[in-house]
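Read the structure below first, then the notes.
Bear in mind the structure is a predicted one, so any value in this text is a computation, not a measurement. The chains referred to below are lettered A, B, ... by the order of the sequence lines, with proteins before strands, and numbering in each begins at 1.
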Amino acid sequence: MSKTYYSRTHEYVTVDGNIGYVGISDYAQKALGNVVYVDMPEQGDDVTAGEEFGAVESVKAASDLIAPVSGAVVESNELLIDNPRLINQDAMANWIIKVELSDPAELDELMDEEAYNAFCATEGAH
Amino acid sequence: MPENKETCLHSRHVALGAQMSPFGGFDMPIQYEGITEEHQAVRNHCGVFDVSHMGEVSVTGPDAERYINHIFTNDLTGAPDGKIFYGMMLREDGGTVDDLLVYKRGDNDFFPVINAANIDKDLEWMRRNASGFDVKITDLSDSMGELAVQGPEAERVMEEVLGLPCSELTFYTFKELDRDGKHLIISRTGYTGEDGFEIYADYEATGQMWDRLMESGRCAPCGLGCRDTLRFEVGLPLYGDELADDVTPLEAGLGIFVKLDKNGGFIGCEALRKQKAEGLKRKLVGLEIHDRAIARHGSEVIDPADGHVIGHVTTGYRGISVDKSVAMAMIDAAYAEKGAEVAVKVRRKTFPATVTAKKFYKKSYKK
């Protein structure tokens, strides 16, 4: 049974056992517009919660990707290399990296779907 | 920071659901439907931009022509009324104060159009350098709106939707007419590499023309996002990216707009003659990056052999009309030959790139 958590910087991590699938939320892909490039770490790289691990680029600008959890990258989504727009088509299905969680307690710092939706509603009101 | 100003069409942009963002001191529409869609609308059909943020200035008086020639790199001597010139105002050291269009309305009457972000700086510069000239300099920016109607169908949209016949206008010429009690200036100019027109009018007339264009369904509303991708692909400079106070037009590859042998010269002329005689130390070039990675403004350009920094990217995109990662960059002249192999740094990684021409897409002006 998997569960999805969200960060305040609009990344999600869907956790299944000790594996987390990390991507950007549907709210984030809509705000970005057409994704033209995804800069991803490679298999074996370590990512650290709260730190930048790559970028998603729209036509206009690059947005840093901030890791919601720490751990080793076990896979990056190579489909995104030639087809970055998959993120616009379905951001939740098209994760960016698959991470082996080194500290599952970090998930407590993230929001569940309900809290995240409420967070986005206040962001949109600005 | 002062609040951003709003153009006369601001509420219309918000009502259309535009993504708004600060640009040049104004809260401007970046995109409506999307940058790619709007870019393609201009390349293939017709799009309209609110460019009311641009600054407009009136320079009149017995010494107007002599004064304009003194502060402007291009040469207006003996030009016919109705002609438009592109060029720059320079500092004494050759750095660029701004790039601008100058419309010649009459021997004693000129109409410079300047960049929004530079309005205060330019007017201060123009007034400071007007001593000894019998001219009157008036800032019209706060009372004048401007629309840019751009694309291969622009002429038909101007005639059929706005009722403004303009087929007789050639590239870089303009005419003035009164319509429904409003004075309009219409020029065959633009910043997209496509055929098109720019219309200057008061706020009310600008709003009415915008509404008619929207109601017609024949002209997509276009934001500054695609204005930048369109101008970039055809190698047109943007002040703040390719041009700056410490960049000369020769370095930016704009020498054809700089008349170094102009009678009486112009401010900055001596510095540019010297720069030309000594040879340029850096040049603006195009780069094609051999990866999907996108080099943005400020990305370092390096020598792949030893990694030392040879310049920086001024503008970069994943091209829209050209499906490649491309950029313009100001680099050490020793590396500026077409075909030279360099590298660009994007975040943690370095990617190989080749020096190319600055134009990535062919202009389709109607001359």
Next item on the list: May I ask you to name which of B:Thr36, B:Asp228, B:Ile294 has the most heavy-atom pairs under 4.5 Å with chain A?
Entry: B:Ile294
Margin query: Can you confirm whether B:Glu341 is buried at CD, in the sense that more than 12 heavy atoms of other residues, nucleotides or ligands lie under 6.0 Å from that atom?
Written below: yes
Check: Do the rings of A:Tyr27 and A:His10 sit parallel, tilted or perpendicular, given the 30° and 60° boundaries?
Finding: parallel
Margin query: Looking at B:Lys349 and A:Asp39, is any side-chain nitrogen of the basic one under 4.0 Å from a carboxylate oxygen of the acidic one?
Written below: yes
Next item on the list: Could you look at B:Asp323 and say if it's the side chain, the backbone, both or neither that has a heavy atom under 4.5 Å from chain A?
Entry: neither
Notebook entry, point to check: Who among A:Asp82, A:Val38, A:Val59 has the most heavy-atom pairs with chain B under 4.5 Å?
Noted result: A:Val59
Notebook entry, point to check: For chain A, which of B:Gly225, B:Gly316, B:Ala293, B:Gly319 has the most heavy-atom pairs under 4.5 Å?
Noted result: B:Ala293
Note to self: Restricting to non-hydrogen atoms, name the atom on A:Ser25 and the atom on A:Met92 that form the minimum distance, rounded to 0.1 Å.
What the structure shows: CA-SD, 4.4 Å
Check: Hey, which of B:Arg318, B:Arg348, B:Gln31, B:Gln19 has the most heavy atom pairs under 4.5 Å with chain A?
Finding: B:Arg348
Next item on the list: Apply the test side chain to side chain donor-acceptor pair (under 3.5 Å) to residues A:Thr4 and A:Thr14: give CA-CA distance (whole Å), side-chain angles for both, the deciding distance (0.1 Å), then the verdict.
Entry: CA-CA 4 Å; A:Thr4 301; A:Thr14 298; 2.9 Å; yes
